[in-house]
4 protein chains.
Amino acid sequence: MSKKEAIVQSAIRIFTEKGVEKTTISDIVKHAGIAQGTFYLYFPSKLSLMPAIAEVMVKTTLQTVIDTVKPKSAFQDRLRQFVDAIFEVNREYHEIQAMIYSGLASTEHLKEWETVYAPIYEWISGQIAHAQKDGLIRNDSPPDALAKLIIGLTESAAEQIYLYDEIGQDSRAAKQKEETLKFLLMGLGVPS
Amino acid sequence: MSKKEAIVQSAIRIFTEKGVEKTTISDIVKHAGIAQGTFYLYFPSKLSLMPAIAEVMVKTTLQTVIDTVKPKSAFQDRLRQFVDAIFEVNREYHEIQAMIYSGLASTEHLKEWETVYAPIYEWISGQIAHAQKDGLIRNDSPPDALAKLIIGLTESAAEQIYLYDEIGQDSRAAKQKEETLKFLLMGLGVPS
Amino acid sequence: MSKKEAIVQSAIRIFTEKGVEKTTISDIVKHAGIAQGTFYLYFPSKLSLMPAIAEVMVKTTLQTVIDTVKPKSAFQDRLRQFVDAIFEVNREYHEIQAMIYSGLASTEHLKEWETVYAPIYEWISGQIAHAQKDGLIRNDSPPDALAKLIIGLTESAAEQIYLYDEIGQDSRAAKQKEETLKFLLMGLGVPS
Amino acid sequence: MSKKEAIVQSAIRIFTEKGVEKTTISDIVKHAGIAQGTFYLYFPSKLSLMPAIAEVMVKTTLQTVIDTVKPKSAFQDRLRQFVDAIFEVNREYHEIQAMIYSGLASTEHLKEWETVYAPIYEWISGQIAHAQKDGLIRNDSPPDALAKLIIGLTESAAEQIYLYDEIGQDSRAAKQKEETLKFLLMGLGVPS
DNA sequence: TATGAATGAGCGTTCATTCAT
DNA sequence: CATGAATGAACGCTCATTCAT
């Protein structure tokens with residue numbers, strides 16, 4: 001693993017453990033096993049880490065979604081699998097998800113965000129477009145608009161559950177997933 | 001206005017202007033016209049401001065919703081008015097909304113948040129319960145679950161627009177609102 | 001008890017508990033049950049408390065000595081009783097003893113200290129003068145000089161034991177007392 | 001001189017000049033010619049300086065004693081030289097001596113103090129042991145116990161003189177030394 | 001006398017950033 | 001490429017002191 005990758009991996013790890021604000025560059029380089037100065041060979045500042053982290057997280061999310069959703073399932077099953085995947089990623093990385101989602105990572109790298117996020121929007125958008133063509137859903141809004149609504153709804157539902165670290169909430173999570181799926185199915189106009 | 005209120009008001013103002021992370025306590029007290037030490041008579045730290053701010057923001061949000069939604073309108077009109085209200089509040093306070101919504105305001109005051117948020121969830125929940133009883137919507141999920149989905153979907157849609165300060169996005173906002181409303185109507189099962 | 005006395009008593013108590021440097025005026029007034037401003041009606045600053053405290057401590061010390069030393073005992077018994085008394089006061093108030101003894105209470109009230117300390121020096125000095133006149137001790141140095149050496153030796157011996165809060169040191173203390181007494185007896189030239 | 005040594009040397013200098021409590025870290029770093037942050041690379045707080053300072057002071061004291069005491073002198077001459085040495089060190093560093101001796105330098109580093117002080121106790125103890133073996137003194141208490149009494153008596157006598165910065169006290173000091181020496185000689189049982 | 005909310009200078013401390021090696 | 005000791009501006013916070021009531 002290159003030093004650059006080590007930095008990003010360590011940052012994700014420590015952000016997850018102790019929160020973004022309380023993490024110092026010193027923490028990151030210690031965990032990565034490199035020198036203080038080395039950080040600046042790759043990133044000009046702490047904030048400039050964010051796009052790289054987002055990229056990794058988006059890849060992780062997309063990979064989890066792709067791994068979870070079986071292409072040959074019925075559309076509503078795929079939707080259920082998608083919800084499962086998003087909840088799962090949120091459970092594991094809720095601190096970072098919140099950080100990325102809320103855009104708190106400063107206003108300076110916004111341009112990059114759009115491109116970083118593109119893959120996951122595109123994947124969903126593609127699925128929706130196919131489903132519309134195949135007549136599987138009645139909602140005829142543009143696929144990319146629907147993609148944003150779907151991801152927004154699902155992630156906010158997941159956050160409402162996992163923002164609070166308390167344990168034994170599996171049943172709450174299961175119910176929340178059911179309600180979310182139902183709302184998605186109806187919102188998209190999937191015949192039941 | 002008491003000193004405590006002055007602090008909260010000033011904090012909201014400055015967080016809105018320059019972001020939460022970049023705001024110092026010094027900024028807040030200067031704007032509030034009080035001494036540095038006075039801050040600590042009312043709040044032990046910057047983070048402990050958050051529940052008080054959230055409370056004000058929730059009040060503002062609920063008030064805006066109540067002022068915007070005409071009780072005698074048809075349900076789908078009220079839903080449109082609700083979406084308008086949420087977008088409006090987000091437009092004005094997107095930085096703070098993001099902060100509150102994402103829960104990034106530290107994990108130490110989470111218990112308080114539930115109670116702080118209660119009023120707005122309850123209002124929506126009440127509207128939904130009525131609509132279900134009157135047969136205006138087909139989605140028979142519990143009202144409080146639907147309330148959370150509705151606010152989550154609408155706020156995330158608004159954030160996607162307003163997180164980026166750029167101007168001249170009114171048309172994008174208008175479209176986003178339309179898509180959101182449509183999704184909500186279908187998701188709730190409002191006959192069209 | 002007057003407010004002034006309450007302040008002094010509270011200060012002694014809290015200095016003993018948490019150390020002089022870490023004690024704030026706020027701590028003192030809270031414990032005394034009076035208002036912040038009231039403190040300044042009686043003492044212009046924290047440092048000006050010191051002579052009043054010293055006075056109380058000197059009184060306490062002298063009283064303990066007088067209560068412990070039986071006037072009709074043989075001289076060496078009285079010396080042993082004196083050592084016991086000094087060790088006892090040190091055990092209970094070692095933090096304050098150290099503070100007073102080392103004169104760390106600032107250089108601004110030094111003049112007052114001499115007068116504050118006078119009673120205890122005088123008492124010892126009187127005892128020594130009598131003993132010299134009665135031929136009980138051979139050391140013919142001036143009584144007031146001997147008084148200072150005696151108190152200096154005994155208190156430093158006690159401090160060496162009680163500065164360290166550890167428990168179960170009674171046997172160490174007993175030995176230290178024996179050696180101290182022996183040294184005093186020889187130093188004063190008490191026939192054995 | 002390393003930065004760490006520079007910090008310790010500067011601290012000793014400034015503590016001597018303006019007292020411990022009134023000395024700020026800012027004073028120290030300015031005098032040492034280093035940056036504010038550099039201090040914290042070596043010491044986590046102002047209090048943690050104390051053991052390092054004590055170590056230097058103990059070295060200085062022991063060195064002064066060794067330089068002053070002529071090994072071939074008669075025992076009572078060596079005792080006189082010892083008293084001279086202790087008074088001299090106290091005259092020059094009374095503020096720091098008081099601080100170290102009274103142990104006010106916080107209760108957190110007490111363990112270290114015992115080891116820091118060891119060299120000077122050992123030196124005296126060694127001298128006493130020899131003198132006892134050679135029959136030069138009659139007091140047969142354990143050498144280490146006597147060592148502590150001797151240093152305690154002599155330093156407290158010195159402090160009583162030098163705690164007060166006033167000038168023209170040479171005659172008082174000379175008298176105090178004489179009385180102290182006499183007391184020591186008798187206390188140890190040195191034949192006269 | 002007595003109060004206690006308010007003050008603000010100044011403290012200890014942090015940490016992103018630099019640069020000689 | 002890599003280092004890590006050094007920097008110093010800037011921060012949160014404390015607390016002795018004041019004063020209108």
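Convention: sequence-line order gives letters A, B, ...; per-chain numbering from 1.
With dT1(E), dC11(F), dT13(E) as the candidates, the nucleotide lying closest to the side chain of S45(D) is dT13(E). Closest approach to the L41(D) side chain among dA5(F), dT7(E), dT3(E) is made by dA5(F) (side chain taken as heavy atoms from C-beta onward).
Heavy atoms of Y42(B) sit under 4.0 angstrom from primed sugar atoms or phosphate atoms, though from no base atom.
In this structure E17(D) satisfies the side-chain contact (heavy atoms from CB on, under 4.5 Å) test together with R13(D), sequence neighbours excluded. Not a single ring-ring contact (aromatic ring centres under 6.0 Å, His included) links Y93(B) to another residue, sequence neighbours left out. Residues that satisfy the side-chain contact (heavy atoms from CB on, under 4.5 Å) test with Q9(C), not counting sequence neighbours, are M1(C), V56(C). Applying the side chain to side chain donor-acceptor pair (under 3.5 Å) rule to E5(A) yields no partners; only residues at least two apart in sequence or on another chain are considered. Legend: residues meeting ring-ring contact (aromatic ring centres under 6.0 Å, His included) with F15(B), ordered by chain and number and at least two apart, are absent. Applying the ring-ring contact (aromatic ring centres under 6.0 Å, His included) rule to Y42(A) yields no partners; only residues at least two apart in sequence or on another chain are considered. Residues satisfying the side chain to side chain donor-acceptor pair (under 3.5 Å) criterion with T38(B), sequence neighbours excluded, are absent altogether.
Near DNA chain E, meaning a heavy atom under 4.0 Å from it, residues 1-19 of chain D has no residue at all. Within residues 28-40 of chain C, the residues approached by DNA chain E to less than 4.0 Å at the level of any non-hydrogen atom are I34(C), A35(C), Q36(C), G37(C), T38(C), in residue-number order.
Atom CG in D27(C) sits about 12 Å away from atom C1' in dT14(F), given to the nearest Å. In this entry the distance linking NZ of K46(B) with P of dA10(F) reads 16 Å, nearest Å. Rounded to whole Å, the distance from CG on L49(A) to P on dA16(E) is 11 Å. Whole-Å rounding puts the I25(A) CD1 to dT18(E) C1' distance at 12 Å. Here dA16(E) presents its C1' atom at 14 Å from CE of M50(A), a figure rounded to the nearest Å.
Listed by first then second residue, pairs satisfying salt bridge (Lys or Arg N to Asp or Glu O under 4.0 Å) with a partner in residues 33-59 of chain B number zero, not counting sequence neighbours. Each salt bridge (Lys or Arg N to Asp or Glu O under 4.0 Å) pair with one or both residues in residues 23-44 of chain A, not counting sequence neighbours, appears once here: K18(A)-D27(A).
Of all non-hydrogen atoms in I96(B) and I53(B), the two that sit nearest each other are CG2-CG2, 4.1 Å.
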How does DNA chain F look in dot-bracket form if you count Watson-Crick and G-U pairs under 3.5 Å, write [ ] for pairs that cross, and put | where a base pairs with another strand?
.||||||||||||||||||||

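Comparing the P positions of dT21(F) and dT1(E) gives a spacing of 22 Å, expressed to the nearest Å.
The main-chain N or O of I7(A) is never found under 3.5 Å from a side-chain atom of S10(A) such that the two would form a donor-acceptor pair.
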